[in-house]
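Only heavy atoms go into these numbers, but all of them, side chains included; no hydrogens, no water, no symmetry mates.
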Amino acid sequence: MPEPSVPAAPPADPAVINCRIRTLLGRGELTPAGRIEYGRLLVEWERAIQAQQELAA
């Protein structure tokens, strides 16, 4: 039986992700958990930028 299709989530807003990154960095030196979150946010930001570029093309 085919699986029901899941609608794709709208692309994230790079400005919102950037704000989250700046907030995280504004707290001072990153903890190990903060570094992991920072890395995750960078990947999310890059994907959001790529999605915007694809939509613009």
Side-chain angles (χ1 to χ4, degrees):
M1 177 175 282
E3 293 185 30
S5 62
V6 177
D13 183 354
V16 172
I17 300 167
N18 189 28
C19 182
R20 291 169 54 197
I21 291 170
R22 288 178 180 271
T23 300
L24 182 64
L25 293 175
R27 295 181 187 151
E29 189 172 338
L30 294 177
T31 64
R35 286 189 199 108
I36 292 169
E37 178 68 4
Y38 176 72
R40 189 190 65 72
L41 286 170
L42 284 179
V43 170
E44 186 178 346
W45 178 82
E46 182 179 9
R47 287 182 182 152
I49 291 292
Q50 288 174 350
Q52 268 192 347
Q53 290 173 346
E54 288 172 6
L55 287 174

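Shortest non-hydrogen contact noted between A48 and A12 is CB-O, 3.3 Å.
Note on L24: it does not cluster hydrophobically with V43, by side-chain heavy-atom contacts below 4.5 Å among ILVMFWY residues. Under a hydrophobic-cluster definition in which Ile, Leu, Val, Met, Phe, Trp and Tyr are linked whenever side-chain heavy atoms come within less than 4.5 Å, directly or via other members, V16 and Y38 are assigned to different clusters.
Rounding to the nearest 0.5 Å gives a distance of 7.0 Å between OG1 of T23 and CZ of R27. Atoms CD1 and CG, from I36 and L30 in turn, are 11.0 Å apart once rounded to the nearest 0.5 Å.
Pairs of residues two or more places apart, or lying in two chains, that qualify as side chain to side chain donor-acceptor pair (under 3.5 Å) and include a residue from residues 40-53 are E37-R40, R40-E44.
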